[in-house]
Trainee: 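Structure below; questions to follow.
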Amino acid sequence: MLDIRLIREQPDFVKSRLATRGGDDHLKIDEVLAVDAERRRLETALQRCNADRKRLSKEIGGTRSRGEDSTAAEERVRQIGEESAELVRQAAVAEERQRDLLLNIPNLPHVNAPVGTTAAENPVIRSWGEKPQFDHPVLDHVALGAKLKLFDAERATKLSGSGFICFTGAGARLERALIQFMLDLHTREHGYVEVSPPFLVRRDCMVGTTQLPKFEEDMYGLEDGAMFLAPTAEVPVTNLHREEILSLANLPKKYTAYTPCFRREAGSAGRETRGIIRVHQFDKVELVKITAPEDSYAEHESLTADAERVLQSLGLHYRVIELCTGDLGFGSAKTYDLEVWSPGQGAYLEVSSCSNFEDFQARRMNLRFKEADEKNRFCHTLNGSGTALPRLFAALLEAYQQRDGSVRVPEKLQRYFGEAEIRL
RNA sequence: GGAUGGGUGGCAGAGUGGUCUAAUGCGCACGCCUGGAAAGCGUGUUUGCCGCAAGGCAACCAGGGUUCGAAUCCCUGCCCAUCCGCCA
């Protein structure tokens with residue numbers, strides 16, 4: 001949520017920043033300003049009204065205790081009471097409208113964000129490693145998975161419909177090994193605290209991290225509409241400290257969590273849907289930071305580096321791109337995506353998205369911090385995948401495949417997987 | 001699923017119809033005191049709206065009701081806790 005004061009004081013700046021995203025969100029700003037002015041007018045009138053009523057009521061108390069007649073004043077107060085009730089109604093409507101508008105306006109891209117309209121304009125920031133070369137035909141992860149019986153899409157469909165996957169045998173074990181490997185890396189070497197949060201969260205939490213109200217159709221919710229399956233650990237973990245006032249000395253907070261993630265992604269069929277690349281339920285190890293505003297951009301760089309370490313440790317070639325303004329997520333001011341090389345697809349696959357939300361989420365969840373005697377200020381929140389599993393799984397199989405269809409296990413993963421190779 | 005008790009400031013917690021924005025304690029900040037510290041003393045310590053400012057006003061989970069007047073009484077909702085039942 002944007003700060004209404006910023007919108008009031010620098011509407012043109014806000015509009016021009018929003019315009020870089022494309023779309024027409026900048027057009028909502030004038031509407032917000034109109035509603036805000038109306039809301040404040042009503043609130044001021046209401047307060048004046050209530051103040052009058054309060055003062056008169058006190059006088060009535062005095063008048064009565066002296067045994068004098070107070071009916072005229074009582075009648076006046078009754079009138080004011082009716083006016084007040086009407087103002088309360090109008091002010092509530094205006095406030096609700098203002099909140100609705102604000103909840104649906106995206107964050108301002110950072111002033112240095114590359115301006116562009118589509119993913120094609122995302123600049124490559126750096127890359128690591130080399131594309132592996134093969135002296136035999138290259139299989140994709142679907143073929144390798146079938147050969148080695150690592151997952152079973154048909155039977156998963158029987159259970160849950162298309163877009164679900166069931167890992168089996170060595171595949172399930174590889175999944176588990178990767179999770180454990182990543183959690184150990186982040187907790188032991190990068191200083192994150194591991195959390196294992198609830199996967200089912202309240203509506204308020206989903207609003208806090210910006211999945212709601214705008215993207216409800218992409219979420220799995222319970223029928224009564226009260227709770228949702230978390231689409232990412234970002235939701236429960238960032239909301240851990242919602243409505244709290246943290247002490248500056250305890251920042252930054254660094255958390256890592258493994259959770260399954262549930263996403264409808266309605267209408268996404270057709271592209272990138274082969275195999276396990278895009279499914280409705282997938283595993284992910286997430287990184288979350290809560291920081292002071294002054295530190296968030298440095299913390300963003302280090303969080304991205306922490307996610308990169310996963311790919312480096314596994315010896316997987318990847319590149320880092322920065323999202324241009326038109327491709328940036330709703331709540332993000334700045335995002336780096338990590339894309340791992342998939343030899344089977346001959347393409348890069350997004351396995352991590354590392355974002356700085358500045359105070360956009362914190363304002364929605366009323367997450368603040370206090371420095372000694374200073375005023376309460378909103379924290380900055382960040383998160384990044386560290387990393388998402390199915391695509392990492394796929395890229396790893398493809399990159400480490402051998403002529404006979406077996407797959408080598410990267411050295412750092414061997415003690416987690418228990419073997420040096422995957423073969424039938 | 002059944003029963004009960006609750007939601008007040010950074011925290012704890014008093015307040016059951018009118019000088020209550022709200023006692024008291026704790027924490028924190030600043031000042032005094034001290035060789036230095038602790039203790040002690042003093043001051044301050046939520047948010048929103050109006051205002052250049054001084055300052056003023058509003059807000060005791062949310063909404064509705066009773067009343068001249070509600071933190072306080074009644075209703076609804078949301079949330080929290082405890083006990084019972086069921087269950088991994």
Side-chain angles (χ1 to χ4, degrees), chain A residues 1-9 32-103 196 198-208 212-213 221-228 236 239-251 253 260 290 292 359 362-379:
Chain A
M1 198 154 66
L2 294 176
D3 185 356
I4 185 62
R5 270 174 291 199
L6 177 69
I7 296 176
R8 269 204 298 261
E9 285 158 23
V32 171
L33 285 169
V35 173
D36 179 54
E38 173 70 357
R39 193 199 97 244
R40 285 186 296 159
R41 186 186 68 75
L42 289 165
E43 204 164 307
T44 304
L46 172 62
Q47 287 179 5
R48 197 172 304 128
C49 215
N50 286 348
D52 285 350
R53 181 167 65 163
K54 205 169 179 176
R55 182 174 46 75
L56 278 173
S57 291
K58 266 181 194 163
E59 288 175 15
I60 289 169
T63 309
R64 281 190 174 183
S65 66
R66 289 191 300 273
E68 295 165 15
D69 178 66
S70 59
T71 47
E74 285 176 26
E75 178 52 32
R76 177 74 192 120
V77 171
R78 219 189 317 265
Q79 278 174 20
I80 295 175
E82 282 167 25
E83 288 168 35
S84 163
E86 179 55 27
L87 286 168
V88 165
R89 269 189 293 279
Q90 292 179 13
V93 168
E95 196 182 328
E96 178 72 22
R97 239 185 103 212
Q98 178 170 329
R99 188 171 165 77
D100 271 359
L101 280 166
L102 285 175
L103 285 176
S196 178
F199 307 152
L200 214 45
V201 294
R202 290 204 173 102
R203 178 169 280 271
D204 282 350
C205 292
M206 296 284 278
V207 172
L212 295 183
L222 267 49
E223 269 189 21
D224 61 8
M227 297 192 94
F228 293 82
N239 277 286
L240 270 179
H241 295 289
R242 61 177 293 120
E243 281 152 46
E244 289 185 29
I245 300 175
L246 303 170
S247 127
L248 180 66
N250 294 330
L251 297 182
K253 296 272 188 193
I290 300 172
D359 63 6
R363 186 170 278 110
R364 287 172 167 236
M365 59 178 89
N366 202 21
L367 166 57
R368 295 170 293 172
F369 74 98
K370 192 189 194 87
E371 175 180 12
D373 205 20
E374 302 281 306
K375 288 207 122 199
N376 298 329
R377 297 164 65 198
F378 288 111
C379 300

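Just so we're on the same page: letters track the sequence lines, and every chain starts at 1.
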Trainee: For G17(B) versus G85(B), give the span between their P atoms, rounded off to a whole number of Å.
Mentor: 40 Å
Trainee: Side chain of Asn376(A), heavy atoms from C-beta onward: which of G64(B), U47(B), G48(B) has the nearest atom to it?
Mentor: U47(B)
Trainee: Under 4.0 Å, heavy atoms only, any strand: does Arg5(A) hit a base, just the sugar-phosphate, or nothing?
Mentor: sugar-phosphate
Trainee: Give me the distance, rounded to whole Å, that separates C30(B) from C78(B) when you measure between the C1' atoms they each carry.
Mentor: 41 Å
Trainee: With a 4.0 Å limit, can you tell me whether Arg8(A) has a side-chain N or O closer than that to the phosphate oxygens OP1/OP2 of C49(B)?
Mentor: yes
Trainee: Could you tell me how far G9(B) sits from C57(B) if I compare only their P atoms? Round to whole Å.
Mentor: 22 Å
Trainee: Considering Watson-Crick and G-U wobble pairs with both distances under 3.5 Å, what does A29(B) pair with?
Mentor: U43(B)
Trainee: Mind checking the P distance from G69(B) to G56(B)? Whole angstroms is fine.
Mentor: 26 Å
Trainee: Any idea which of U46(B), C68(B), G48(B) is nearest the Gln47(A) side chain?
Mentor: G48(B)
Trainee: Identify whether any heavy atom of Arg242(A) sits under 4.0 Å from a base atom; if not, whether one sits that close to sugar-phosphate; answer base, sugar-phosphate or nothing.
Mentor: nothing
Trainee: OP1, OP2 of G48(B) versus side-chain N and O of Arg40(A): anything below 4.0 Å?
Mentor: no
Trainee: Measuring only between side-chain heavy atoms, which start at C-beta, is Asp204(A) closer than 4.5 Å to Arg242(A)?
Mentor: yes
Trainee: Rounding to a whole Å, what distance do you find between Asn50(A):CG and C57(B):P?
Mentor: 13 Å
Trainee: Less than 3.5 Å between a donor and an acceptor, one on the side chain of Glu95(A) and one on the base of G48(B), is that the case here?
Mentor: no
Trainee: Less than 4.0 angstrom between a side-chain N/O of Arg39(A) and OP1 or OP2 of C49(B), yes or no?
Mentor: yes
Trainee: Give one of base, sugar-phosphate or nothing for Arg202(A), where a contact means two heavy atoms less than 4.0 Å apart.
Mentor: sugar-phosphate
Trainee: Determine the interatomic distance between C1' on G18(B) and the same-named atom on A29(B); round to the nearest Å.
Mentor: 36 Å
Trainee: Closest-nucleotide mapping onto RNA chain B: is Leu46(A) or Ala92(A) further toward the 5' terminus? I mean the 5' end.
Mentor: Leu46(A)
Trainee: Between G44(B) and G6(B), how far apart are the two C1' atoms, rounded to whole Å?
Mentor: 32 Å
Trainee: Mind checking who U4(B) pairs with, Watson-Crick or G-U wobble, both distances under 3.5 Å?
Mentor: A81(B)
